[in-house]
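Letters A, B, ... are given to chains in the order of the sequence lines, protein chains preceding strands, and every chain is numbered from 1.
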Number of protein chains: 2
Amino acid sequence: MSKTSTLQDVARVAGVSTATVSRVLSHPDMVSEATRIRVSNAVEVSGYRVNRAARNLRTQRAHSVLVLLPDLANPFFSAILEGISLNLSRKGYSMLIASTKQVHDSGERLIDYLDDARADGMIILDGGLDAEVISSLKVAAHSTRILFACEWVNETEFPSVRSENRRGTKAAVRYLHDIGHRKIGHVTGPEGNVLMQARKEAFVQEIIALGLEQQPEWLIPGDFSLAAGCVAAKAWIALENRPTAMFCVSDQVAMGFISEMSRRNFKVPEDVSVMGFDDIDLAEQFIPPLTSIRQDRLLLGQTAATMLLERLESPDDAGAEHMAIIPVSLIVRGSTAAL
Amino acid sequence: MSKTSTLQDVARVAGVSTATVSRVLSHPDMVSEATRIRVSNAVEVSGYRVNRAARNLRTQRAHSVLVLLPDLANPFFSAILEGISLNLSRKGYSMLIASTKQVHDSGERLIDYLDDARADGMIILDGGLDAEVISSLKVAAHSTRILFACEWVNETEFPSVRSENRRGTKAAVRYLHDIGHRKIGHVTGPEGNVLMQARKEAFVQEIIALGLEQQPEWLIPGDFSLAAGCVAAKAWIALENRPTAMFCVSDQVAMGFISEMSRRNFKVPEDVSVMGFDDIDLAEQFIPPLTSIRQDRLLLGQTAATMLLERLESPDDAGAEHMAIIPVSLIVRGSTAAL
DNA sequence: ATCCATGATGTAATCGATTGCAGGAGGTGG
DNA sequence: CCACCTCCTGCAATCGATTACATCATGGAT
């Protein structure tokens, strides 16, 4: 029992060749019904499990996908991972996880995962990779094996799955406008990040489209962290001419913002309406509950996995989808109020 | 360039046999300096990467470890994963991730991951597995390849890594007592969970040790979720004789509790002191900032990885550590106040 | 009766790295 | 000068599954 049985063992029990056993398992329609049943029984009694290493070697596939996160500790990614994992496992693939920071620090290179046959492809959730790393990924043999999700890299041809960042942002601004706000500010993400850029551009566009007042100091720089929200709150407090509503680039930032405001005895939404982006699990439980733009992270993950596998399994199919956009929706809660 | 080169290619370039190349890579001291250099150069120029599938097949190891979570969406696990990943990658292992729920739903069995050579071992972060699953894991060949972290399963001999649940709980109660509370309640975890049980027992012991008042209805049932905290808050409000401090089984529960209290116009810590357990990242930013028992999740993850690898690499070493306990510490913040 | 198509099965090569064993070169001691 | 030992390297088997090709039986068509 301690030793797992091999194809040979099953073949011996069933009185057939290993080829036949293999066929029963992978191409059942090539085998006659009688032997199929006999072999299936033999598989059953011997508790046979295919040896993945052997299969992977022979088929030249790893049957696994690497998911790269900028940071394992960010709860934003959990639902995306769940979606990826779900659709990968349905197709018999395993999910490897690594953080780009850790890979970089350890001196490994990302392409090694593909080159040494540990993974067939990778889903990258980090748009902030070094230009050097990006260019190493562009090598022809790999470009079809990589997909960006959530974030992406401008001016590259990697396929990607993303949320409707622009539409979501504009919906946020329009909502704040609809409930009476005319002075609307924005806590942006980290300089150079594609998400922050997309959202910031859309924000400015919509402000202009609605003919609202613009002040350079109402665009408060931040990143995606709680701490950035706190800093931004201090910046808001220090303003002469304060916006009555702030659109934050992420829920974490919004929470940090509100948290600092409350420490300084300002009230949300009485003194200022605050909204976020993402609609992470906690948004609903926060005090006050956070108005936000919901990203369907589970769907985003599932879509990413499915798209990548499709591309892996027919690499030459030029007709394959190159980009998928996942709808977002406005979720109104207590952190915003009519003016 | 599109095809990665093999040992054969390198051997040809260096003018040696594949055996020698392999030795240069895995046992450099068996090879003369001259050839070592020549081969190293050949490896360099050909951009050789070892093929993991081939190595895994030959060495009968997967060089990867499966981490099983009850639920990918719980931010509590992120730092643990980071710790595991860090120490695994240092030893050249990859980290596979799956959720026990998903594995179960898809009809896979956990032992399959070991039986089909996808993973050498597994770290289980879920103490709530079915008895049936547990017993399938006990098979002699596997028992040395499994390690529980955070949670564990009573009355089994699996090695485990855990935090000082009892000491942490007692420290919490003692702290609340020290700042003047005499009526202390506890929102417990899900019935049957080992953590909730350990913490609940320790809680009751310490209450008795300090000679404090006990009321059955001060032990409010919950689970580890935000929602459970909300429900518990309603239960607290409904009490005739209310505790002045509540020790919650997790930070998430504490946050839910506080959130609901605030919705009902009760104030924390003025009306009731609330504390959690875990010290997740958000605890510090919550309003009010949460008093909690900090678990060193990174260290816990690192320890788990290291212990498992040690056991995998010397399976017969009876002297190997069987259990590791990670220290916890009390973090006092604004959600608790002296009475 | 003969021939060929069809379907089922077996034979054996193959994927790429590792490693036990054998052999050769060079050095040492008797 | 020979026996022997050490150090280095190569040969070839091996891990276990997959699959191209060969073989064989069966049956239908002519």
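- Mapping A:Arg49 and B:Arg38 onto DNA chain D by nearest heavy atom places B:Arg38 at the nucleotide closer to the 5' end.
- Here D:dG16 presents its C1' atom at 10 Å from CG of A:Asp9, a figure rounded to the nearest Å.
- Minimum atom distance to the side chain of A:Arg58 is reached by C:dC15, of the listed D:dG10, D:dC15, C:dC15.
- Atom P of nucleotide C:dT14 and atom CG of B:Asn51 are separated by 17 Å, given to the nearest angstrom.
- The closest donor-acceptor contact from the side chain of B:Arg38 to the backbone of B:Ala14 lies under 3.5 Å.
- Distance from the side chain of A:Leu57 is smallest to C:dC15 among C:dC15, C:dT18, D:dA17.
- The 5' end of DNA chain D is approached more closely, in terms of each residue's nearest nucleotide, by B:Val16 than by the other of B:Val16 and A:Leu25.
- Residue B:Asp116 contributes atom CG, which lies 19 Å from atom P of D:dC15 at whole-angstrom precision.
- If you take CG on A:Leu129 and CG on A:Leu68, they are separated by 7.5 Å, rounding to the nearest 0.5 Å.
- Rounding to the nearest 0.5 Å gives a distance of 10.0 Å between CD1 of A:Ile325 and CG of A:Leu300.
- Under 4.0 angstrom from either OP1 or OP2 of C:dT18 there lies no side-chain N or O belonging to B:His27.
- Distance CD (A:Glu33) to C1' (C:dA8): 14 Å, rounded to an integer number of Å.
- Each of C:dA12, D:dG10, D:dG16 was ranked by its minimum atom distance to the side chain of B:Ala19; first place goes to D:dG10.
- As rounded to whole Å, 18 Å separates atom C1' of C:dC15 from atom CZ of A:Arg52.
- The side chain of A:Arg23 lies closest to D:dC21 when the candidates are C:dC21, D:dC21, D:dC15.
- Rounding to whole angstrom units, CD of residue A:Gln8 and C1' of C:dA12 are separated by 12 Å.
- Nucleic acid contact for B:Val50: sugar-phosphate only, since backbone atoms but no base atoms lie under 4.0 Å from a heavy atom of the residue.
- Using a 4.0 Å cut-off between a side-chain N of Lys or Arg and a carboxylate O of Asp or Glu, A:Glu108 and A:Arg118 qualify as a salt bridge.
- In this structure, of C:dG16, D:dG10, C:dG10, it is D:dG10 that holds the atom nearest to the side chain of B:Ser17.
- The side chain of B:Thr20 places no N or O atom within less than 4.0 Å of a non-bridging phosphate oxygen (OP1 or OP2) of D:dC8.
- Atoms CG (A:Asn56) and C1' (C:dC15) sit 11 Å apart, rounded to a whole Å.
- Between A:Tyr48 and D:dA17, a side-chain N or O to OP1/OP2 separation shorter than 4.0 Å is present.
- Of the candidate nucleotides C:dT18, D:dT18, C:dG16, C:dG16 has the atom lying nearest to any side-chain atom of B:Ala54.
- Distance alone, capped at 3.5 Å, is enough to place a donor-acceptor pair between the B:Asp9 side chain and the B:Thr6 backbone.
- Relative to the side chain of B:Thr6, the nucleotides D:dT18, C:dT18, C:dA17 differ in distance, and C:dA17 lies closest.
- Among the protein residues, A:Ser32 comes within range of the sugar-phosphate backbone only, with heavy atoms under 4.0 Å from sugar or phosphate atoms but none that close to a base.
- Per the geometry, CG belonging to A:Leu7 stands 6 Å off C1' belonging to D:dA17, to the nearest Å.
- The residue B:Val31 sits close only to the backbone: its heavy atoms come under 4.0 Å of sugar-phosphate atoms, none of a base.
- Across D:dC15, C:dA8, C:dT11, the shortest atom-to-atom separation from the side chain of B:Gln60 is found for D:dC15.
- Of the side-chain N and O atoms in A:Thr35, none sit less than 4.0 angstrom from OP1 or OP2 of C:dA8.
- Rounding to the nearest 0.5 Å places CG of A:Asp120 at 6.0 Å from OG of A:Ser64.
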